[in-house]
Q: 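To start, I am sharing the structure in question, which I have written as structure tokens.
Below, chains carry the letters A, B, ... as their sequence lines are ordered, and counting in each starts from 1. Model, not experiment: these values are computed from the prediction.
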Number of protein chains: 2
Amino acid sequence: MITIGRLAKYAGVSIKTIRVYHDKGLLPEPDRDSSGYRRYTAQHAIDLIKIRTLAEAGVPLARIRELRAASDEGFREALHQVDTDLTARIRGLRETQRRLRGLAAGRLQMLPPEVAGHLERLPELGFSPRWVALETDLWILVFATHPDTAVELFHDQAQALTDPALRQMYLDYDRAHDLDPHDPRIDDLARRVVRATLERYGSADLPGQNTNSEIPALIQGAVNASSPAWRRLDALIRDQLSRT
Amino acid sequence: MITIGRLAKYAGVSIKTIRVYHDKGLLPEPDRDSSGYRRYTAQHAIDLIKIRTLAEAGVPLARIRELRAASDEGFREALHQVDTDLTARIRGLRETQRRLRGLAAGRLQMLPPEVAGHLERLPELGFSPRWVALETDLWILVFATHPDTAVELFHDQAQALTDPALRQMYLDYDRAHDLDPHDPRIDDLARRVVRATLERYGSADLPGQNTNSEIPALIQGAVNASSPAWRRLDALIRDQLSRT
DNA sequence: GCTTGACCTTGCCCTAAGGGCAGGGTTGCA
DNA sequence: TGCAACCCTGCCCTTAGGGCAAGGTCAAGC
């Protein structure tokens, strides 16, 4: 016949927690003594410990109440489900911890000097400020999210710009921003891009595509947003590539 | 210049989450386009991922906002703290999982038949219903919380009852419930209990005491609650034992 | 008997981190 | 021109308790 304070201390919870469990019908209200104090039995202590074990495992209180009334079979099944979820949560936390350490190690710290230098040289090659800004965003995202493959990808791109024909193609892409969406130069450019892509990578995977991420879509969305001509260009290229 | 929906999908959060981060000053509000839509840059995506990493590690949003303005030194230190907390949380979850499996294995399922039988025989030996109820609570708690040492402890107690003198002592304890707290029989009983305890266990640890738990206090609290005589008896015994 | 500190009671409002909905405007594609 | 899919703000709702007020109770010491 212990008081609420003792029960709380024993179970390692606050008094309020116990009262909440009463309110929500998780733990039966015990009898009161002559002065209205709640008086608990060992059975209450047992029940409370069970409830806490489930609650600490992340089971919502409403669910715990349901489980109290569930069949033995259903209860066991539910426990198994909870166990599985818990394993997943632990794995998730470990993954978070890994990312956290990456953050602490100063990774995700903008761009390597090599890349910054490359971006600074773009205007001299004739690219517009808008194009440079887009490229900057692109590389920030790629380096932030796929640091392992980013360097490789970057070298591939930087090398492409050393070929005068390819460089002209990118310059034309840049210029296309302000064209009418139905300007024939758009169709011409789309064909050149497709031909160059196939020549450079054959029908093998495009670099960066294997990392099944949202980044390409994100970038392309950013690109498309600012110009109808670019939207059409993207649609044409996408369409022709998908036919090969 | 991506929209809020794309950013959300990319970062794996809901749109609402992003808006909340704006409201709380965690993520700067981006510029709006001509129709009032928020337009994000890669920098926002980077910031958001950092924020999510911390949030998933359990850092409160208010704390994350402070950290945004913290020095590089303070930031690194805070990250270390978060990492430590995270490790503790993971360990806690694993412990919870262990207890959960104990629960699933059907342990914590009341009492072994041996104990139940013992309790049923107590009335025949002359013990009051109140005493039996207390003993029942006691053993439920002990078996629930220390299943490994409970059996040993129980055998020790059951064996004690086979000694007529000791049995009489327990019967007297039971009877003492309704005595006046200053009845000399209380003093006498206390001395007998102390002597018997020392004879049986010497000055070695009493069984069950090494499991440094709240159980003994819980039980004793329950016992004391119902009778001033028992309270005084407990005080006397405790006092005399502590003097040895 | 009186005080004092530690408990207990109910009732009320507060919090974090969003979820969901209403009511209304915008965009992209056929 | 219609339609689906977006976006905007504002408002209320949720979970699992925390905290406080105002008042009753208990055990100990004087």
Q: Run the salt bridge (charged side-chain N to carboxylate O under 4.0 Å, His left out) test against B:D23 and tell me which residues pass, sequence neighbours left out.
A: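 In terms of salt bridge (charged side-chain N to carboxylate O under 4.0 Å, His left out), with neighbours along the sequence ignored, B:D23 is linked to no residue.
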Q: Restricting to salt bridge (charged side-chain N to carboxylate O under 4.0 Å, His left out), what partner residues turn up for A:D31, sequence neighbours left out?
A: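 Here no residue qualifies.
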Q: Measure from CZ on A:R231 to C1' on C:dG28 and round the result to the nearest Å.
A: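 In whole Å, C:dG28 C1' lies 8 Å from A:R231 CZ.
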Q: Return the value, rounded to whole Å, for the distance between atom CD1 of A:I18 and atom P of C:dC7.
A: 14 Å
Q: Bend angle of the helix from C:dG1-D:dC30 to C:dA30-D:dT1 from five-pair axes at both ends, rounded to 10°?
A: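 Rounded to the nearest 10 degrees, the bend comes out at 0°.
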Q: Between A:D33 and A:R38, does any NZ, NE, NH1 or NH2 come within less than 4.0 Å of an OD or OE carboxylate oxygen?
A: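 Looking at A:D33 together with A:R38, the answer is no, because their closest N to O distance does not fall below 4.0 Å.
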Q: Which letter, B, S or -, goes with each nucleotide of nucleotides 4-17 of chain D from 5' to 3', with contact meaning a protein heavy atom under 4.0 Å?
A: --BSSB-B----BB
Q: Rounded to the Å, how far apart are A:R39 CZ and C:dC7 C1'?
A: 10 Å
Q: Between the side chains of A:T84 and A:T87, does any donor sit under 3.5 Å from an acceptor?
A: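 Side-chain D/A pair, A:T84 to A:T87: absent.
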Q: Centre of A:W230's six-membered ring, under 6.0 Å away, within 45 degrees of the axis: is that where NZ or CZ of A:R175 sits?
A: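 No, A:R175 and A:W230 do not form such a contact.
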Q: If I take atom CG in residue B:L26 and atom P in nucleotide C:dA16, what distance separates them, rounded to the nearest angstrom?
A: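 So the two atoms are 12 Å apart, to the nearest Å.
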Q: Does the distance from a Lys or Arg side-chain N to an Asp or Glu carboxylate O, for A:R185 and A:D172, drop under 4.0 Å?
A: no
Q: For residues 55-67 of chain B, run the donor-acceptor check on the side chains, cut-off 3.5 Å, and write out each pair with its distance to 0.1 Å, sequence neighbours left out.
A:
unit_1: B:E56; atom_1: OE1; unit_2: A:R99; atom_2: NH2; d: 2.6
unit_1: B:R65; atom_1: NH1; unit_2: B:K24; atom_2: O; d: 2.8

Q: What's the CG-P distance between A:L236 and C:dC29, to the nearest Å?
A: 12 Å
Q: The criterion is salt bridge (charged side-chain N to carboxylate O under 4.0 Å, His left out); which residues satisfy it with A:D47, sequence neighbours excluded?
A: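 Once residues adjacent in sequence are excluded, A:D47 has no partner under the salt bridge (charged side-chain N to carboxylate O under 4.0 Å, His left out) criterion.
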